[in-house]
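Scroll down for the structure; my scribbles are underneath it.
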Amino acid sequence: MNAWYAAAYDVELRRELLPRTICGKKLVLYRRADDAIVALEDACWHRLLPLSKGRLEGDNLVCGYHGLVFNPEGRCVGMPSQETINPSACVRRYPVVERHRFAWVWMGDPALADPATIPDMHWNHDPAWAGDGRLIQVKCDYRLVLDNLMDLTHEAFVHASSIGNRAVAEAPFEVTHNDQFVTVTRWMRDIEPPPFWAKQLGKPGNVDRWQIIRFEGPCTITIDVGVAPTGTGAPEGDRSQGVNGFVLNTITPETDKTCHYFWAFCRNYKLGEQKLTAELRDGVTRIFGEDEVILEAQQQAIDDHPERAFYNLNIDAGAMWSRRLIDRMIRAEQASAPSPIRQAAE
Amino acid sequence: MNAWYAAAYDVELRRELLPRTICGKKLVLYRRADDAIVALEDACWHRLLPLSKGRLEGDNLVCGYHGLVFNPEGRCVGMPSQETINPSACVRRYPVVERHRFAWVWMGDPALADPATIPDMHWNHDPAWAGDGRLIQVKCDYRLVLDNLMDLTHEAFVHASSIGNRAVAEAPFEVTHNDQFVTVTRWMRDIEPPPFWAKQLGKPGNVDRWQIIRFEGPCTITIDVGVAPTGTGAPEGDRSQGVNGFVLNTITPETDKTCHYFWAFCRNYKLGEQKLTAELRDGVTRIFGEDEVILEAQQQAIDDHPERAFYNLNIDAGAMWSRRLIDRMIRAEQASAPSPIRQAAE
Amino acid sequence: MNAWYAAAYDVELRRELLPRTICGKKLVLYRRADDAIVALEDACWHRLLPLSKGRLEGDNLVCGYHGLVFNPEGRCVGMPSQETINPSACVRRYPVVERHRFAWVWMGDPALADPATIPDMHWNHDPAWAGDGRLIQVKCDYRLVLDNLMDLTHEAFVHASSIGNRAVAEAPFEVTHNDQFVTVTRWMRDIEPPPFWAKQLGKPGNVDRWQIIRFEGPCTITIDVGVAPTGTGAPEGDRSQGVNGFVLNTITPETDKTCHYFWAFCRNYKLGEQKLTAELRDGVTRIFGEDEVILEAQQQAIDDHPERAFYNLNIDAGAMWSRRLIDRMIRAEQASAPSPIRQAAE
């Protein structure tokens, strides 16, 4: 719980009430007149009606049942038919920061909320990069999405018609890890580019292709991907003849078995082509749709076989270290104050 | 359980089998050839098939699976392929009385069923009053509907476009209670009438408006409502220049989290205008549809926050006393014979 | 579990992956290039994804997530990005035999799987008989279907417009049983034939009608049915002037509350008339559709009344002995090795 979770894409937040469930807690989000984002508990102090069923009155929120008024701090400042307001009348306020085009909420102890620990997804608003993304609601444990992203071998089987080919499944890879990150690096040298990358590069011939996956706990993965013509020095550090993208992913648990999967694809070429941005966003949407089918079937299979454990192959090293890092974070948090929700998610 | 519950509107009952769940029990209702209403347990003694899947044969009910025949007393009077009928072969019969346009069933000990204790809703068939009503199935604990009706402050927020205005939320009110009734009286003097009442009155100028809510346990609420031109003496007892309506409500638990909400709106003016009767019925249907959305969202919120209790404001005094009266009825009943269903509903 | 269960009709199985749940276990079925049927556990050893979401590669099955390859024995013979295959990597293989137009799987200990114990449904492929059938998915405990078939009295009430008439409910019957079979024999002599049989016979006048129901544990029922003109000696053994059909039924538990109901209707007359075969199949489909409504309502009623037991009438003797035979089989199996699934089904 003591972590920042992406709660919404920036464009989702307006002068309207947006209900959203994060880590099993119901929140209502909206923008104040000065554009700042507010995140409150989505249940009226009085009779529990979701505040998101009410309406904004200036920067305050008015409950849709009996008209109790709450300010952006969550404090009740108006009650029907009575002058004195119960001093205990308030709803929980969550710390929230807008950064890298996401609204990040802190679900744990507010005293520990340090914006410096928000994951680095700067490509999503850096003028040297162009791109866009989406939110997908996936009916699975968020860690299944992490497993999926930490091992891209599955591209060869799930995405055979677009980005996958046997080279991904056959190329060797290297895993490193420390207290904060797990990194999986895979170089596929001198290969025929898959259809997607051939089109992006726009040059004939074989390529060197890279996938550098970086996990940052509890739920963010950035993937540095690209191709360059073989022989132009990309593996040695000169990517100038190639094309480079970053797949940004942050997956927020909604419940134990559903999650909000926020992603973006940013590129460092043809920055001004709006059409390409839209094409890429729609293309990645299609590819991730293929994953969604697999992930939801896998969650169903886990529910159907509660007695079965996962086996690990060599390819699962990245996912395995990521899960260990998550487990370590949970244990560290429980050592100070046990969180029943997070234990349930385990 | 030892109470009369409305099971159906009179027009719902014909020479056909109507299945209905009351307080968690499945019943089948129908009219005999002499128009009397029969209420039996809706599960065949033999193999549990709902008897409502069968058919009427005269005044008897024939099971749709193996053809067992039950008379209106619930006794089996015919079995396939055998002459001797097991003397234990019967289904439970419930006492039922048709009154005030409703079929009232007694769910508890038949020996205690006294028709004199049926709630007074005489306006619904009194020639001095005209009106009609409907049955709404609401997915919430019936007590949430009672809470809603015992405090009409919510009209200002939920029904702002029809009957609600700030005056309702601002006017003082008075609550009285005894062993049988809880009464909430609110007079709004010299106010601008809301659109609905301005139209009913058909006279210009400010009005005195009244709402006199009377709860009768376990689940009936009649609301005496109306307006009269200010200065014509309504608060002092002379309503002759005004218009008067009675909103009749009786809410029957179906399960712990669903209920049958029967209502009617009766008026003492323009008695012969059928069109007005239909307009009022449809108008109230729309208004109660606004409540339905709120009530189901509230039930969902209660399920989502099992650890949370309700806080009471001043406006909740009527609802609070009504719930206490219900609790007292339940305790009195449990003192004689514990009823597991009712306890579950608690 | 130590029994053969029909898993699929022969025509359902092709060079494609068919997922099917049998006795609570998820299986994937397909045909090899040589037409032999394969039945494997439908969950990848690695990450549990249903193998039925993958694809065939020759006679092997390739997982749709990470490309693990399994042979028809269930052994993993290929893993992505690694040469060495974990020797424990395999999924369970179920013995399967194709006979009488069904694929029969053995759900228990493979060492005990003896094809000689597959129930006799030879009419379904015997050239002296013509017919066809279907699979119906019914949302009820498979034993409710058995109850239904072991007592055809219900024809008079459920199928009054086709095969049923009062004669069925009124005729006496005889029940015999031994360690393997329960047989219910009912002769209706000198009766007016119901519409269905009048049409099949194509001769005027009264008939002798027979229904000889034979249960074979745990879940197969064959019904020898037919009519012959009264006086031509059918009850004494000469059916030559009549028409004869066999209703073949085998009901495979899917879960505790759903089942796969495989049936066929075979006749010994007008063998070459394809149109009649189709007409009969569609007619029986309609009749069984009437049963399906009743059976699912009955299952619902059982769930709604967990405290209620079934009462037995004289007509239930066949069903009662069948259930006793099933219980005896379960006890015998549990005596050697307890099966938690089967116990849950009890």
Side-chain angles (χ1 to χ4, degrees), chain A residues 17-28 40-57 60-70 74-92 254-258 338-341 344, chain B residues 140-141 143-161 164-175 184 186-188 211 290-320 323:
Chain A
L17 301 173
L18 177 75
R20 186 143 288 164
T21 300
I22 310 283
C23 299
K25 303 278 185 196
K26 292 183 181 276
L27 275 65
V28 54
L40 300 176
E41 181 184 10
D42 194 17
C44 182
W45 167 84
H46 174 225
R47 291 287 158 117
L48 297 184
L49 190 83
L51 292 174
S52 55
K53 297 268 176 195
R55 63 173 202 281
L56 278 182
E57 204 169 77
N60 290 341
L61 210 160
V62 182
C63 178
Y65 199 171
H66 299 95
L68 278 76
V69 182
F70 296 89
R75 175 155 300 284
C76 182
V77 294
M79 282 183 173
S81 304
Q82 65 188 76
E83 299 280 313
T84 320
I85 289 169
N86 187 325
S88 82
C90 59
V91 296
R92 184 171 173 184
E254 181 186 38
T255 66
D256 288 357
K257 293 183 180 175
T258 58
S339 154
I341 289 285
Chain B
C140 74
D141 185 324
R143 292 172 301 182
L144 298 185
V145 183
L146 299 179
D147 289 346
N148 176 285
L149 291 166
M150 289 306 287
D151 164 43
L152 298 179
T153 310
H154 77 270
E155 289 185 355
F157 307 99
V158 179
H159 312 303
S161 63
N165 56 15
R166 301 292 308 193
V168 180
E170 285 158 11
F173 59 90
E174 193 182 78
V175 180
V184 179
R186 181 179 251 141
W187 278 93
M188 294 151 271
Q211 293 174 329
E290 294 172 335
D291 287 305
E292 202 180 332
V293 171
I294 294 291
L295 291 167
E296 298 190 350
Q298 193 189 10
Q299 179 68 53
Q300 185 61 53
I302 291 168
D303 296 345
D304 290 339
H305 300 85
E307 78 292 356
R308 291 279 299 263
F310 281 2
Y311 287 94
N312 284 323
L313 304 180
N314 295 353
I315 56 170
D316 298 313
M320 196 189 66
R323 286 195 175 228

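Within every chain, numbering begins at 1; the chains are lettered A, B, ... in the order of the sequence lines, protein sequences first and strands thereafter.
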Practice item. Assess whether side-chain contact (heavy atoms from CB on, under 4.5 Å) is satisfied between B:Asp304 and A:Leu48, documenting all intermediate values. Key: CA-CA 10 Å; B:Asp304 290 339; A:Leu48 297 184; over 6 Å; no
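Residues passing the ring-ring contact (aromatic ring centres under 6.0 Å, His included) test with B:His154 are A:Tyr65, B:His159, sequence neighbours excluded. Applying the ring-ring contact (aromatic ring centres under 6.0 Å, His included) test to B:Tyr311 and every residue at least two apart in sequence or in another chain returns A:Trp45.
When all heavy atoms of A:Cys44 and B:Arg308 are compared, the closest pair comes out as O-NH2, 3.7 Å. Of all heavy-atom pairs between B:Ala301 and A:Pro50, the closest is CB-CD, 4.1 Å.
For the set B:Leu295, B:Asn312, B:Ile294, the count of heavy-atom pairs under 4.5 angstrom toward chain A peaks at B:Ile294. Contacts with chain B were tallied for A:Lys26, A:His66, A:His46; A:His46 has the most, counting heavy-atom pairs under 4.5 Å. Looking only at heavy-atom pairs under 4.5 Å with chain A, the residue among B:Ile315, B:Leu144, B:Thr153, B:Asp147 that has the most is B:Ile315.
Within the 3.5 Å criterion, the main-chain N or O of B:Asn314 finds a donor-acceptor partner in the side chain of A:Gln82. Between the side chain of B:Gln298 and the backbone N or O of A:Arg47, at least one donor-acceptor pair lies under 3.5 Å.
Summarising the local packing, CD of A:Glu83 is surrounded by 12 or fewer heavy atoms from other residues, nucleotides or ligands at distances under 6.0 Å.
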